[in-house]
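Everything below concerns the one structure shown next.
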Number of protein chains: 2
Amino acid sequence: MNKNQPLPWDHPRFRSWVAVARACQLMQQSLTRALVHLDIKPPHLDILVNLFRFEGISQQELARKLLVGRSNMSMLLPQMENRGLIERRGDKQDKRVLRLYLTEEGRRVTEEAMTIQTALIDWTLSDTPIEECEAIAVHMERVVGLLIQEERQPLEPAGDQ
Amino acid sequence: MNKNQPLPWDHPRFRSWVAVARACQLMQQSLTRALVHLDIKPPHLDILVNLFRFEGISQQELARKLLVGRSNMSMLLPQMENRGLIERRGDKQDKRVLRLYLTEEGRRVTEEAMTIQTALIDWTLSDTPIEECEAIAVHMERVVGLLIQEERQPLEPAGDQ
DNA sequence: TGATTTTTGTTCATCGTTGTACTTTATTGT
DNA sequence: ACAATAAAGTACAACGATGAACAAAAATCA
C-alpha cells in the first residue's frame, strides 16, 4: 500500500526495456509495410532467412530457432510451399521428418527481402556506432540465453522482494 | 544476382537487431508465464501501467501510446471493465470520448504485476551496467522516433543502394 | 445556421499464434 | 520380437491484432 517505493518508470533498466519493446513493435510494422510488394510478412522472412543459412533443416529445428510452436510451422510452411518459395522433402532415414529447401524463386525473394530489411535496420541504427551495436548484441544475446534456460526450468516464484 | 555482397548476418547492426528481436519475443513469453496467476497478459499490463501513470486518458490516446489500433482497445477495455480492473466514464464536454480510470482492484493488480515485471527485467539485465542500459534506452528511443515519423510519412522506395 | 469534414469509438471479417489432442514413425526396455 | 514411450508433424478451436466500414458527436467553414 506504501507508494514511496520507486516507480518502475524511474528505473533505468525498466525504461530501457520499454524503449526496446516499442522499437521492436515499430520495426515489425515498418518491415511489414516494406515487404508488402513481395507478398511476404516478417514471419515468412524469418523462415526464409533461416532456410537460406541452414538448408535442409527440419520443421522442428526451424521452430526451435524461431522460438515458435511446431504447429505454427505446420500452418505457414504449406502456404509457402504452395507459393513456390520452399520445398518440403521427406527424410529418407526418418520418415517422420520433413526437410526444408528454398526453391530458386524462394532464394531470389529471400535475397531481395534481406536487402530491404538490412536497409531498414541500417537506417534506424545509422546514428548508433558499430561498437555500440556490438555491445547491444552482446547484452541481448545474454538476455536470450537467460530466458531460454528459464523457459525450460521455470524460476522459483519466491523471487519477489 | 552476385553473391559476394556481405551476407546480412555478418553485419553488426543486423546481428544486434536479430538479438534484440529474439530477446523481446522471449521476454514477452516469460512475462506471460509470470503473470498467469494474476489472470492478465502483457497487453493488459501495458494498459494498466499507462492508466496508472495517466489516469483519465481517453481510449484514443491510450491506443496511440501503445502503438496499436483503436479497435484493439475497443476489444480489450470492455473485458477489463467486466473484470473490475478499470472503469470507463464518458467525458462531460465531449460526448464522443470515454475516459479511463483504474479501480481499487485494478490499482492493486497493477502494482503487483509491475513488481513482477520489474523483477524479471532486473534479472535479465543484471549483468548489464546501468550506464549501458541508459545508452540502450537512448538508442532505442531514437529508433522509435525515426520509425514513428516514417510511419506517417512513408519512406521513398528508392532508398536502397 | 446549415453542410461538410474530422474525430471517437464500435463492429466485423480476416489473419497469425498458441496449446491441445491426435496420427504416424522411432526408440527404448524387457 | 513386443510393448511402452518419445518424437515429428497435423488439425482444430481459442484468442489477440488488424483494417475497413460504420454511427455518433464535434469542429470547420461557407
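Every chain is numbered from 1 and lettered A, B, ... according to where its sequence line falls, protein lines coming before strand lines. Nothing here was measured: the structure is a model prediction, and the numbers come from that model.
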A:M114 side, atom CE; A:E111 side, atom CD - distance, nearest 0.5 Å: 6.0 Å
Would you compute the distance between atom CD1 of B:I130 and atom OG of A:S16 and round it to the nearest 0.5 angstrom? 8.5 Å
Euclidean distance, atom [atom1] of residue [X] to atom [atom2] of [N] [Å, nearest integer]:
X     : N      : atom1 : atom2 : value
B:M73 : C:dT11 : CE    : P     : 15 Å
B:L77 : C:dG9  : CG    : C1'   : 11 Å
A:E61 : D:dA7  : CD    : P     : 14 Å
A:D39 : C:dG16 : CG    : C1'   : 15 Å
A:L35 : C:dG16 : CG    : P     : 14 Å

Heavy-atom neighbours of B:R15 CZ exceed 12 at 6.0 Å: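 Count not over threshold, so no.
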Taking atom CZ of A:R53 as the centre, does the number of heavy atoms from other residues, nucleotides or ligands within less than 6.0 Å exceed 12? yes
Does OP1 or OP2 of C:dT8 have a side-chain N or O of B:Q60 closer than 4.0 Å? yes
Considering just the side-chain nitrogens and oxygens of A:R88, establish if one lies under 4.0 Å of OP1 or OP2 belonging to D:dT10.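 A:R88 to D:dT10 OP1/OP2: side-chain N or O found under 4.0 Å.
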Is a side-chain donor-acceptor pair under 3.5 Å present for B:Q59 with B:R99?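 No, no side-chain donor-acceptor pair sits under 3.5 Å.
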Could you check whether A:E150 and B:S30, counting side-chain N and O atoms only, form a donor-acceptor pair closer than 3.5 Å? yes
For every nucleotide of nucleotides 15-25 of chain D, 5' to 3': is a protein heavy atom under 4.0 Å from its base (B), only from its sugar-phosphate (S), or from neither (-)? -SSBBB----B
What contact category does A:R64 fall into here, base, sugar-phosphate, or nothing, at under 4.0 angstrom with non-hydrogen atoms? nothing
